[in-house]
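Working notes for the structure below.
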Amino acid sequence: MLGAIIGDIVGSVYKFNNYRAKDFTPFFHPKAFFTDDTVCTIAVADALVNGKDPATTLREWGRRYWKNGGWGQRFALWIATEDMGPYNSLGNGAAMRVSAAGLLAKSVDEATTLSDRVTEVTHNHLEGMRGGAATAVAIHMARTGRWAGEIRQAIAQRFQYDLTPSVDEIRPSYRYNERSQDTLPQALTCALEARDYEDAIRNAISIGGDSDTIAAIAGAVAEALFGISDEMAAEAWRYLPAEMHVVLQDLYAIAGQPGSVSEDVSS
Ligand SMILES: [Mg+2]
């Protein structure tokens, strides 16, 4: 979950200014900030950990951090409109916010069930539901010790995504796209091909497109595969307000790992 948040922060400066290589520096750009991907990820965790209504919780967090921006047009309308129901979204917002479902699930089926519960309130299109569930299942598999090749095969079979193109094959022709089916396979590949957490984020930025969201999805899976260094976790922690620290601490207290977020270094 912190993996998704770091991806969002690192990618925030490249979303509308793509940098199509892995050598960007520094890793945390001076102008980096957390965006809607972080706000929604925290909201979903708050809903699942504390048994709250997902729609209400997403609206509360969204309104409170409205100025952090990056909101999709229809999602912004949904946040602002109290009685608006699910709007059949096939956007990548389902996958970018769903990490807590993968971390809390005790089985592949539960990962899907938890993902569906928090996704159907907005992204009830087949592609939205598929993107959220595939991300949650990949996270669950990674944190229960499955290796990248197994995850790639299982996700391709269960969710019918083509995960054969490599990061180097994706990069030359990839263009900005917010559809789930044109984001999730690429983001997953960025994580599954990586040698460590940072490498996954560098893969994600390097293909261009919707960088904060691609890095958030790749980062969530990469955290489960590799863990995050204490230094990087501490640096990310400083971007976040105290009420987000509380949600992260509660989530990890239930889900376990990583020890690196147990200390509040924000002072
Ligand atoms: Mg964003």
Side-chain angles (χ1 to χ4, degrees), residues 1-20 24 27-47 54 57-80 87 89-101 118-119 121-123 127-128 131-132 135 139 174-188 190-191 200-223 236 239-241 244 247-248:
M1 166 136 151
L2 192 58
I5 291 171
I6 293 171
D8 176 40
I9 293 169
V10 171
S12 62
V13 294
Y14 301 114
K15 183 186 182 91
F16 298 115
N17 186 22
N18 283 171
Y19 184 85
R20 289 176 179 267
F24 59 91
F27 189 66
F28 288 94
H29 190 279
K31 291 183 176 162
F33 60 103
F34 72 83
T35 81
D36 58 323
D37 303 59
T38 291
V39 177
C40 291
T41 295
I42 291 282
V44 162
D46 185 19
T57 312
L58 276 162
R59 282 195 173 100
E60 283 174 1
W61 283 95
R63 288 172 188 177
R64 210 145 66 239
Y65 291 95
W66 186 254
K67 63 175 175 23
N68 282 72
W71 310 101
Q73 212 173 7
R74 285 191 302 158
F75 187 74
L77 178 67
W78 180 85
I79 287 180
Y87 55 93
S89 175
L90 48 69
N92 53 26
M96 63 73 155
R97 74 192 189 200
V98 81
S99 350
V118 296
T119 301
V121 297
T122 51
H123 292 56
E127 291 295 350
T135 304
I139 292 168
Y174 191 69
R175 293 292 172 267
Y176 191 97
N177 195 315
E178 292 183 1
R179 296 198 312 174
S180 183
Q181 64 269 40
D182 296 320
T183 308
L184 189 273
Q186 291 80 4
L188 263 185
C190 289
I201 300 300
R202 291 187 176 279
N203 279 340
I205 302 303
S206 80
I207 66 170
D210 191 0
S211 293
D212 57 340
T213 295
I214 294 169
I217 299 166
V221 177
E223 174 190 14
Y239 285 83
L240 305 175
M244 291 190 179
V247 175
L248 277 160

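For ligands, and for the atoms within them, numbers begin at 1 and follow the listed sequence.
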With the Mg ion (ligand 1) as the reference point, give the N/O/S atom of Asp212 that is nearest.
OD2
Donor-acceptor pair between Thr213 and Asp37 side chains, under 3.5 angstrom
yes
Polar side chain donor-acceptor pair, Asp8 to Thr38, under 3.5 angstrom:
yes
Going by distance alone, is a donor N or O of one side chain under 3.5 Å from an acceptor N or O of the other, for Asn92 and Asp210?
yes
Asp36: its N/O/S atom lying closest to the Mg ion (ligand 1) (atom name)
OD1
Looking at side-chain heavy atoms only, is the closest gap between Met96 and Ile214 below 4.5 Å?
no
Do any of the N/O/S atoms of Thr35, backbone or side chain, fall under 2.8 Å from the Mg ion (ligand 1)?
yes
Among the N, O or S atoms of Asp37, the one nearest the Mg ion (ligand 1)
OD1
